[in-house]
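Working notes, beginning with the structure itself.
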Amino acid sequence: MTIIDTPAGWPADEAGALAVQDELRARVVLDEPGPPVGTGLVTGVDVAYDDERDLVAAAAVVLDARTLDVVDEATAVGRVSFPYVPGLLAFRELPAVLAALDALTAGPGLVVCDGYGQAHPRRFGLASHLGVLTGLPVLGVAKNPFAFTYEQPGPRRGATSPLLAGTEEVGRALRTRDGVKPVFVSAGHRVTLEGACAHVLALTPRYRLPETTRHADALCRRALREAAARQGSGV
DNA sequence: GCGACAG
DNA sequence: ATCTTGTCGC
């Protein structure tokens, strides 16, 4: 476990955050197909919060993309540094995520994060922001459609429908399990929307959410519990 | 103008 | 995200 430090130049308020998004947005790369599906490494990242104790914990879990076995993992804990503001989620989550990724020995290869990339009011969600800061290929998987519209995809696993901002396709609703609510996939950086959906399907052989997300979620919650217990015992 | 809105 | 019991099912 490592300690989270605030990245240099990190904005302190909403106005600063909006300015950062406006500047970094131009650096997003969306014309690379992304790594081939089923080979190399895929890393899930997630963050958990304890606002009561002012604690935040992040986890990064690296999987072998072919077998979906865990090959490496790391966690980071620290203080909450930014409030949750719709459209500015990256500023709340990324310091913790970057610290966890830095602590990895292996990978990370392709990164899968909770939330959106291009499906964002200013086309610069968490996944795109993380990609620009690290240079890594990143995609986003969200559990909710945010403020975007979509038609219900077909009932079978693999069915998709466009996630729309007006008439622009900013992501896709992707059915990962027969008859189960879809997930909402968007490209982040250095991967196309098609490639992102193919990766998400490969990562969901059994559950609605990607194996990367499930592992990272479980690990950051555990790291948060342990940090809270340590704080409680005065260490 | 007001509320909704990824996590 | 998080607050929260039991319950149905593999």
Side-chain angles (χ1 to χ4, degrees), chain A residues 4 14 17-18 20-21 25 28 44-61 75-101 111-132 138-150 162-166 168-174 176-189 193 196-197 200 205-210 212-225 227-228:
Chain A
I4 298 166
E14 293 190 25
L18 290 170
V20 168
Q21 289 186 336
R25 178 172 45 187
V28 176
V45 293
D46 195 16
V47 183
Y49 300 92
D50 184 336
D51 289 307
E52 179 83 7
R53 296 187 176 84
D54 187 31
L55 280 176
V56 56
V61 181
T75 60
V77 300
R79 303 290 180 184
V80 179
S81 60
F82 207 91
Y84 171 65
V85 179
L88 300 179
L89 178 63
F91 298 93
R92 180 166 168 82
E93 303 229 325
L94 285 190
V97 168
L98 291 167
L101 284 173
V111 178
V112 178
C113 53
D114 281 28
Y116 285 123
Q118 287 300 289
H120 178 273
R122 293 168 294 282
R123 307 293 177 269
F124 197 67
L126 177 63
S128 294
H129 200 149
L130 179 61
V132 166
V138 185
L139 65 86
V141 179
K143 306 171 202 69
N144 301 291
F146 201 8
F148 302 105
T149 61
Y150 71 103
L163 186 64
L164 298 172
E168 179 185 359
E169 183 181 36
V170 294
R172 256 169 220 171
L174 170 64
T176 55
R177 303 294 304 157
D178 289 355
V180 172
K181 175 181 174 172
V183 298
F184 302 89
V185 179
S186 59
H189 183 63
L193 181 54
C197 288
V200 172
R206 185 173 164 94
Y207 300 104
R208 174 182 176 236
L209 296 177
T212 40
T213 302
R214 294 166 44 78
H215 279 108
D217 181 73
L219 183 56
C220 70
R221 290 189 198 219
R222 195 200 322 156
L224 185 67
R225 281 202 318 271

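Here is how names work: the chains are called A, B, and so on, in the same order as the sequence lines, proteins then strands, and each is numbered from 1.
- Under the 4.5 Å side-chain criterion, counting only non-hydrogen atoms from C-beta, A:L164 is not in contact with A:F148.
- When side chains are defined from C-beta on, A:T213 counts as touching A:V112, because their heavy atoms get closer than 4.5 Å.
- The residue A:Y116 sits close to a base: some heavy atom pair falls under 4.0 Å.
- Within 4.0 Å of A:G140, counting heavy atoms only, lies no atom of the nucleic acid at all.
- Using a 4.0 Å cutoff to heavy atoms of chain A, the contacted part of DNA chain B runs 5' to 3' from B:dC5 to B:dG7.
- A heavy-atom distance below 4.5 Å is not found between the side chains of A:L130 and A:E93.
- Counting any heavy atom pair closer than 4.0 Å across all strands shown, A:L163 reaches no nucleic acid atom.
- Between A:F124 and A:H129, the angle of the ring planes lies from 30° to 60°, which puts this pair in the tilted group.
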Report the C-alpha distance between A:F146 and A:F184 in whole Å, list the side-chain angles of each, state the deciding distance to 0.1 Å, and finish with yes or no for ring-ring contact (aromatic ring centres under 6.0 Å, His included). CA-CA 9 Å; A:F146 201 8; A:F184 302 89; over 10 Å; no
Bracket string, DNA chain C, 5' to 3' - pairs by Watson-Crick or G-U geometry under 3.5 Å, | interstrand: ..........
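- Within the nucleic acid shown, A:D51 has no heavy atom closer than 4.0 Å to any nucleic acid atom.
- C:dA1 atom P lies 7 Å from atom CG of A:D46, rounded to whole Å.
- Atom-to-atom, OH of A:Y84 to C1' of C:dC3 comes out at 17 Å; the value is rounded to the nearest Å.
- Counting only heavy atoms from C-beta outward, the side chains of A:L209 and A:T176 never approach each other to under 4.5 Å.
- Looking at heavy atoms from C-beta onward, A:V80 lies out of side-chain contact with A:D50 at the 4.5 angstrom threshold.
- Across all strands shown, A:R221 has heavy atoms under 4.0 Å from sugar-phosphate atoms exclusively, and none from any base.
- Side chains of A:K181 and A:N144 form a contact here, defined as non-hydrogen atoms less than 4.5 Å apart.
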Let me check I have this right: for DNA chain B, each base becomes ., (, ), [, ] or |, based on Watson-Crick or G-U pairs with both distances under 3.5 Å. What is the full string? .......
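- A salt bridge is defined here as a Lys NZ or Arg NE, NH1 or NH2 lying under 4.0 Å from an Asp or Glu carboxylate O, and A:D46 with A:R221 fails to meet this definition.
- A:R123 places none of its side-chain heavy atoms less than 4.5 Å from the side chain of A:V28.
- Straight-line distance from the CZ atom of A:R53 to the C1' atom of C:dC3: 14 Å, rounded to whole Å.
- Other residues, nucleotides and ligands contribute over 12 non-hydrogen atoms within 6.0 Å of the CD atom of A:E168.
- As a whole-Å value, the separation of A:E52 CD from C:dT2 P is 14 Å.
- Here A:A119 lies out of heavy-atom contact (under 4.0 Å) with every strand.
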